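Only a predicted model underlies this, so the values are computations on that prediction, with no experimental measurement involved. Note on naming: letters A, B, ... go to the chains in the order of the sequence lines (proteins, then strands), and numbering restarts at 1 for each one.
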Number of protein chains: 2
Amino acid sequence: MPTIADVAQAAGVSISTVSYVMSGKRTISQETRDRVEQAMVDLAYSPQASARSLASRSTSVLGLQAPIRAGVDVHVVMQIVAGALKEARVHHHDILLLTSDDAAGVERAARAGMVDGVLILDVETSDPRVGTLAELSIPSVLIGLPEGADQLVCVDFDFEAAGRLAAQRLAERGHTTVALLGAPPQVQARHTSYSDRLTRGFRAASAEVGLTATIHSCPAGPGATEVVDALLTDSPETTALFVHNEAALPFIAARLMGSASPIEIIALSPAELALPVPGVSDVIDLPAEELGAAGARALLAAIRGERQLGAELLAPRFAGEAG
Amino acid sequence: MPTIADVAQAAGVSISTVSYVMSGKRTISQETRDRVEQAMVDLAYSPQASARSLASRSTSVLGLQAPIRAGVDVHVVMQIVAGALKEARVHHHDILLLTSDDAAGVERAARAGMVDGVLILDVETSDPRVGTLAELSIPSVLIGLPEGADQLVCVDFDFEAAGRLAAQRLAERGHTTVALLGAPPQVQARHTSYSDRLTRGFRAASAEVGLTATIHSCPAGPGATEVVDALLTDSPETTALFVHNEAALPFIAARLMGSASPIEIIALSPAELALPVPGVSDVIDLPAEELGAAGARALLAAIRGERQLGAELLAPRFAGEAG
DNA sequence: CTGAAAGCGCTAACAG
DNA sequence: CTGTTAGCGCTTTCAG
């Protein structure tokens, strides 16, 4: 493997000139630049990450702590990771994978200087990691909205606004009694905060627009149909459902297809998951990939020292409609 | 951040002694060792990855090229990644994420010396990456079984044996006419090789045990029911299904619940996905997490120079039965 | 059993 | 506009 010294020699310049050609941190005559670049190509040179990192005291690596395990929202996690990775690569950064299972992992990676910052997924309302993160010598960004969010950099989807948006849409459509079918009980129990925020927005806006709204949690899979049946029995005047549970949505929709009274369904879900489901009239997109990208952008900004503490919320919008 | 020099000074020894205490590469008196370890704890020392890597010419990082995108098998990919990550951590290694979308990514990471080896997922039968990998200066392991597998290190599930196992089980159960419901057409078109191998094993063993077997590909989701309907019309003598499509399985099972003639279903799927589906009598587990772990183990062995080229296949077994 | 010291390949002053 | 050089923090000979 050629080193920077080989390139310098081949181009007939000093080592520092080669370095400055790469970094662009000082002006180089076009002629010299050409010779150096030609030499780099000829030798198939690529700078060594560890040497660069040792000298510059910065890796070009972001840590990503994600819940890599079986679970309801694998799909969403994947998309967030995909978005973060793509955005990181655009800015010439790589991603080191850290799991939520390995609580000390983030600190370990930070202390070893393996990463310039960390992006944390799967944040809970009152998250024990929050304290540790503030102690870290490197910046961190959370995807989620825990308590104490103003002391951290957080990025999340605006679930509360999404709840409001859904209620408004249902009111516009002329409904008067509606129901929110939310996450499975286990998820709610984990207090990831988003179902609380969604419910709050939906409740508040329903009250404002004169909608009678009931709230239900709903298991994934076939079990969802039982919840629907119970709901239609208990409040038969319900004419519309707002479903925030992509794993239950197909079953709910299928159950209502055969129903005598027409019931409208709108959903909050990654658009490509909910749009194909027959019987769903409107979808508020959960922009998971964009969320990952926004998280990575915020982290990169924080690393550059250009990011203030506080939360940034992505505005909801209906799939297929202008934002 | 304290350096190795700080530790040496605090312990009253030389830098090299501290280094050797960490690496264990030469014998150190218990007394000295204790003093050094105490100093490390007192100073909360952690060695810096980039310096270590520059001097030792090895990172403790594995590259993982995974298809991080929306798709049918997100769940399986997640599990493989989880298994690889867990195994890597056990051996004090980290994982740098690389996407399949970024074809040059593996080479880039290798040339920059960011990783000691790469684990490649989502391998296709005739994979263009295979050539590039052989040129790499670092070892690589594929999870999958492409052409030319004997020139590489490959780890995969033994789909052919799984096909045979399924046919044998169905014959034991007294069936005479059976059907294989496989992956969606798009997946088959991608030639990831596993559906071919599964089919080959199923066909061969069926012939051996005198089973009449038909093969069908099957879309994920509700569309699967149509395939089942067509199948039951075309070959009404079919009494058992072997399903290799976890996304279609619940729909197939649901469709057959109401069927007049009892049809047995066995499945090839991650066990925890298929076992809860009512009406499925036996499940050949697709040990995705174990596959990821085996891949990581093989890669670590290759890095140590202890791994021969060639394929390693994980034997199939029924969930809940001894292997 | 332990120390001294020469790099590893790069960045970024400092010096022209 | 370009060159010289002192580190960055560690591993690993070479010398006791």
Nucleotide C/dC10, atom C1' - distance to CE of A/Met1 in whole Å: 17 Å
Nearest whole angstrom, please: distance from the C1' of C/dG7 to the CD1 of B/Ile15. 13 Å
Short side-chain N/O contact from A/Ser23 to OP1 or OP2 of C/dA12, under 4.0 Å: no
Can A/Arg35 and A/Asp42 be counted as an ion pair, charged N to O under 4.0 angstrom? no
Charged N-O contact under 4.0 Å between A/Arg297 and A/Glu312: no
Would you mind telling me which residue lines up with the more 5' stretch of DNA chain C, A/Ser46 or A/Arg26, judged by nearest nucleotide? A/Ser46
Atom CZ of A/Arg57 to atom C1' of C/dA13: distance rounded to whole Å? 14 Å
Do B/Ser14 and B/Thr17 have a side chain donor and acceptor closer than 3.5 Å? yes
Pairwise 5' ranking along DNA chain D for A/Ile28 and B/Pro2, keeping only the more 5' one: A/Ile28
Donor on one side chain, acceptor on other, A/Asp34 and A/Gln38, under 3.5 Å: no
What contact category does B/Met22 fall into here, base, sugar-phosphate, or nothing, at under 4.0 angstrom with non-hydrogen atoms? sugar-phosphate
Please classify the nucleic acid contact of B/Thr32 as base, sugar-phosphate, or nothing, using heavy-atom distances under 4.0 Å. sugar-phosphate
Reading DNA chain D in the 5' to 3' direction, which nucleotide is the first one with an atom under 4.0 Å from a heavy atom of chain A, and which is the last? D/dC1 to D/dG9
How close or far is atom P of C/dC1 from atom NZ of B/Lys25, stated in whole angstroms? 19 Å
Distance in angstrom units between B/Arg111 CZ and C/dG9 P, rounded: 15 Å
Are OP1 or OP2 of C/dT2 and a side-chain N or O of B/Ser29 less than 4.0 angstrom apart? yes
Nearest whole Å is fine: how far is C/dA4 P from B/Ile4 CD1? 14 Å
So how far is it from B/Glu87 CD to B/Glu290 CD, rounded to the nearest 0.5 Å? 8.0 Å
Indicate whether OP1 or OP2 belonging to C/dC8 is found under 4.0 Å from a side-chain N or O atom of B/Arg52. no
I want to check one thing: is the phosphate of C/dG3, taken as OP1 and OP2, less than 4.0 Å away from some side-chain N or O of B/Thr17? yes
Nearest-Å distance for atom pair CD/P, residues A/Gln48 and C/dG7: 17 Å
What contact category does B/Ser19 fall into here, base, sugar-phosphate, or nothing, at under 4.0 angstrom with non-hydrogen atoms? base
Have A/Ser50 and A/Ser53 got a donor and an acceptor in their side chains that come within less than 3.5 Å? no
Under 4.0 Å between a side-chain nitrogen and a carboxylate oxygen: does that hold for A/Asp102 and B/Arg89? yes
Counting side-chain heavy atoms from C-beta on, which of C/dT2, C/dG9, C/dA13 comes nearest to B/Leu54? C/dG9
